[in-house]
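I have placed the structure first, in the form of C-alpha cells, so that the comments after it can refer back to it.
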Amino acid sequence: MNFVEELRWRGMLHDIMPGTEELLNKGMASGYIGFDPTADSLHVGHLTQIMTLIHFQRAGHKPYALVGGATGMVGDPSGKSAERNLLSEDVLQHNLNCVREQLKNFLDFNSGANSAEMVNNYDWFKNFTFLDFIRDVGKHITVNYMMAKDSVKKRLEGDTGMSFTEFTYQLVQGYDFYYLWKHKSCVLQMGGSDQWGNIVTGTEMIRRKEGGEAFALTTQLIKKADGTKFGKTESGAVWLDPARTSPYQFYQFWLNTTDADAKSYIRIFTLFDRHTIEAMEAEHDAAPHLRVLQKALAKDITIRVHGEAEFLKAIKSSEFLFGNAGIEFLNELNDGEVLDLFNGVPNFSVAKSEFKAGINATELLAGKSAVFPSKGEAKKMIQGGGVSVNRVKVNTPEDVYTSAQLINGKFLVVQKGKKNYFLIVAE
RNA sequence: GGGGAGAUACCAGAGCGGUCAAAUGGGACGGACUGUAAAUCCGUUGCUUCGGCUACGAAGGUUCGAAUCCUUCUCUCCCCA
C-alpha cells in the first residue's frame with residue numbers, strides 16, 4: 001500500500017495537490033513537516049504530524065522534520081484570531097532543543113537512504129538579510145496573492161488587525177520549502193489542514209522562482225465526535241514531556257477516549273494494519289464495556305511516547321486505582337512501592353504534626369495541600385459529594401483526619417470526582 | 001478630522017439608583033445512571049478566619065446607597081470625510 005492510500009484509509013488525508021500520488025509512486029521522495037517551538041514540549045495534537053512522517057518513512061520515503069527556529073520568531077497567523085506574542089530568543093532556543101529531542105524518538109535516523117533528518121530553518125535564515133529577502137523572495141509573490149489566503153483574510157476582516165511581521169510569515173515558511181526543495185530535493189511539504197495556504201505559497205514560490213514543481217498534502221484536523229477540541233483535559237493540554245503530563249496521566253487520557261473517537265484514533269495514532277483494526281472493532285462492538293479499542297490505543301501510544309517500562313507502570317497504577325483492590329492493599333506495600341504505584345499521580349506533602357493534632361478536610365485539601373485551589377471550592381465539592389479520602393466519601397468539610405487514618409502511617413489517598421487521584425504524604 | 005455606539009463573571013449576553021455576587025444560554029466541574037464510554041437527569045460555578053471582603057474597562061465625583069447618574073482617561077466598533 002502506498003503512502004497516500006495509507007493515509008486515506010486511515011482517514012487522515014484532508015487535501016492533496018494533483019500529481020502528488022503519481023510522484024510518490026515513482027520511487028523514493030523526500031518530504032517534510034515543520035514543527036513550531038512555541039513550547040518546550042510537543043503535545044498530543046502534534047502526534048498526527050508525527051504519525052504522518054512515520055507513515056511517510058515506512059512507505060520508503062525520506063522524511064525531514066523541520067524545527068522552526070526562524071518561523072518561531074515570526075509567529076504563524078494561521079488559525080489565530082489575534083496577534084501572537086513573540087518569544088524571547090533564549091526561550092525559543094530552549095524550546096527548540098526540547099522539541100528536537102522529542103522528535104528524535106519517533107523516526108528512524110539510521111535506515112540508509114531514507115533515514116530521517118532534522119533541520120532547523122534558523123540555519124538558512126540567520127544570515128539572510130532583510131534586503132536580500134525582499135529582493136530574492138518577496139519579489140516573486142504578490143501582495144494580492146498573500147492577502148487572498150484565509151489566514152490573512154480572516155484577520156483583515158476581524159477587528160484585531162495583523163502586524164507586518166505575521167503577514168510575512170507565509171513568505172518565510174514558503175522560503176523554507178524552496179530552500180529544502182533546492183538543497184535537499186524535498187518535493188513535498190505536509191502539515192495540518194490549516195497549513196494548506198502556507199504550503200501552497202511554497203510550491204508557488206518554487207514555480208515562480210525556478211519553474212520547479214513541488215507538492216502539498218495536508219491531514220485532517222483531529223476533532224472529537226462532539227465537536228470539541230482534541231487533546232485537552234481538565235488540567236490543560238496533554239503533553240509528551242513526562243514532566244508535564246505523567247505517563248500515567250497520558251495513558252489515562254487515551255483510555256478515556258469515547259467509543260466514537262476510539263474508532264478514528266486507532267487508525268490515526270497507531271500503526272496496526274487494517275485487518276487488525278477491523279478485528280478489534282468487531283470485538284469492541286461485541287463487548288463495548290471491555291474497551292478493547294481504548295486499551296489498544298492507550299497501550300500503543302504510551303509505549304511509543306514513553307517506552308514499555310513507563311507503560312507497565314501506568315497500567316499497574318491504573319489497575320490499582322480503578323480496579324477492585326481495596327485500599328487495604330496498600331498496607332502490604334512498603335513506602336517505596338506505594339510511591340511507585342502513585343507515580344504520575346499528583347502528590348502533596350503535609351507535615352505529620354498536622355495529623356497528630358487532627359486536621360479538618362478543607363484545611364487539609366485546600367490549605368495544607370493544593371488538591372483544591374481554594375477552601376470555598378473544597379467545601380462546595382465536599383458538600384456535592386465529590387470528594388473521597390481513602391475511598392471513603394468525605395461527609396462534611398469539618399471531617400477531621402488524624403494519624404489513625406494514615407496508611408502505613410504516612411499516606412492518604414484523595415479522590416476528586418471519580419477519576420482524579422491525589423496522594424498526600426505525611427512527612 | 002466630524003458624528004454615533006459600546007466595554008458586565010471562562011465565553012456570549014441581560015441588568016440601567018437600593019431586594020445585584022449580578023437573569024439567561026453555553027462551557028467547565030461534581031452527583032446519579034454506566035463500561036474510568038455516550039446520551040439523559042440533578043447540583044455547583046468570586047474569596048473568606050462566615051463577621052465580612054473584593055468585584056461590572058481605569059481613575060475620580062454625586063448620593064444614606066452606584067454595574068446603574070456625572071467628569072476625565074484608555075480601548076473597541078460603526079457611519080461620514
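Just so it is clear: chains get the letters A, B, ... in the order the sequence lines come, proteins before strands, and each one is counted from 1.
- Rounded to whole Å, the separation between the C1' atoms of B:rC47 and B:rC41 comes to 31 Å.
- Comparing B:rU44 with B:rA21, their C1' atoms sit 15 Å apart, to the nearest whole Å.
- Distance check on atom P: B:rU24 versus B:rG43 gives 12 Å, rounded to whole Å.
- Atom NZ of A:K149 has more than 12 heavy atoms from other residues, nucleotides or ligands within 6.0 Å.
- As rounded to the nearest Å, B:rA28 and B:rA37 have P atoms that lie 15 Å from one another.
- In a base pair of the Watson-Crick type (N1 to N3 plus N6-O4 or O6-N4) or a G-U wobble (N1-O2 and O6-N3), with each distance short of 3.5 Å, B:rA81 is matched with no nucleotide.
- Base contact: A:K379 has a heavy atom under 4.0 Å from a base atom.
- Nucleotides B:rU74 and B:rG27 have their C1' atoms positioned 30 Å apart, rounded to a whole Å.
- In this structure, A:K224 places its NZ atom where more than 12 heavy-atom neighbours from other residues, nucleotides or ligands lie under 6.0 Å away.
- In this structure, B:rG30 forms a base pair with B:rC42, meeting either the Watson-Crick or the G-U wobble geometry with both donor-acceptor distances under 3.5 Å.
- Proximity of A:K419 to the phosphate of B:rA37: a side-chain N or O atom is located under 4.0 Å from OP1 or OP2.
- Remark: A:N420 is in phosphate contact with B:rG30, judged by side-chain N or O atoms under 4.0 Å from OP1 or OP2.
- For B:rU44, the base has no donor-acceptor partner in the side chain of A:E377 [N/O atoms by modelled type, under 3.5 angstrom].
- The gap from the C1' atom of B:rA9 to that of B:rU54 amounts to 13 Å, rounded to the nearest Å.
- Using Watson-Crick or G-U wobble geometry with both donor-acceptor distances under 3.5 Å, B:rA7 finds its partner in B:rU74.
- Among the heavy atoms of the strands, none lies under 4.0 Å from A:Q383.
- Under the 90° criterion around 0 for the glycosidic angle, B:rG51 counts as syn.
- Pairing for B:rA55 is absent, with no Watson-Crick or G-U wobble pair whose two atom distances lie under 3.5 Å.
- The nearest whole Å value for the distance from the CD atom in A:E319 to the P atom in B:rG35 is 18 Å.
- A:K62 forms a cation-pi arrangement with A:Y64, by the criterion of a distance under 6.0 Å to the ring centre and an angle within 45° of the ring axis.
- For B:rU49, there is no paired base (Watson-Crick or G-U wobble, both distances below 3.5 Å).
- Of the side-chain N and O atoms in A:S374, one or more sit less than 4.0 angstrom from OP1 or OP2 of B:rU48.
- Nucleotide B:rA14 forms no Watson-Crick or G-U wobble pair with any nucleotide shown, as no partner meets the under 3.5 Å limit on both distances.
- Comparing B:rU71 with B:rA66, their C1' atoms sit 15 Å apart, to the nearest whole Å.
- At a threshold of 4.0 angstrom between heavy atoms, the contacts of A:K380 are confined to the sugar-phosphate backbone, with no base atom among them.
- In this structure, CD of A:Q415 is placed 17 Å from P of B:rC29, rounded to the nearest angstrom.
- Between the C1' atoms of B:rA38 and B:rC33, the separation comes to 12 Å (whole Å).
- Ion pairing between A:D259 and A:R291 fails under the 4.0 Å rule for side-chain N and carboxylate O.
- The distance from atom CG of A:N256 to atom P of B:rA37 is 6 Å, rounded to the nearest whole Å.
- Each of A:K375 and A:D259 was matched to the nucleotide of RNA chain B holding its nearest heavy atom; the match closer to the 5' end belongs to A:D259.
- The cationic atom of A:R304 (NZ for Lys, CZ for Arg) does not lie both less than 6.0 Å from the six-membered ring centre of A:Y251 and within 45° of the ring axis.
- Figure legend: cation-pi geometry between A:K416 and A:F422 absent, as NZ or CZ is not positioned both under 6.0 Å from the six-membered ring centre and within 45° of its axis.
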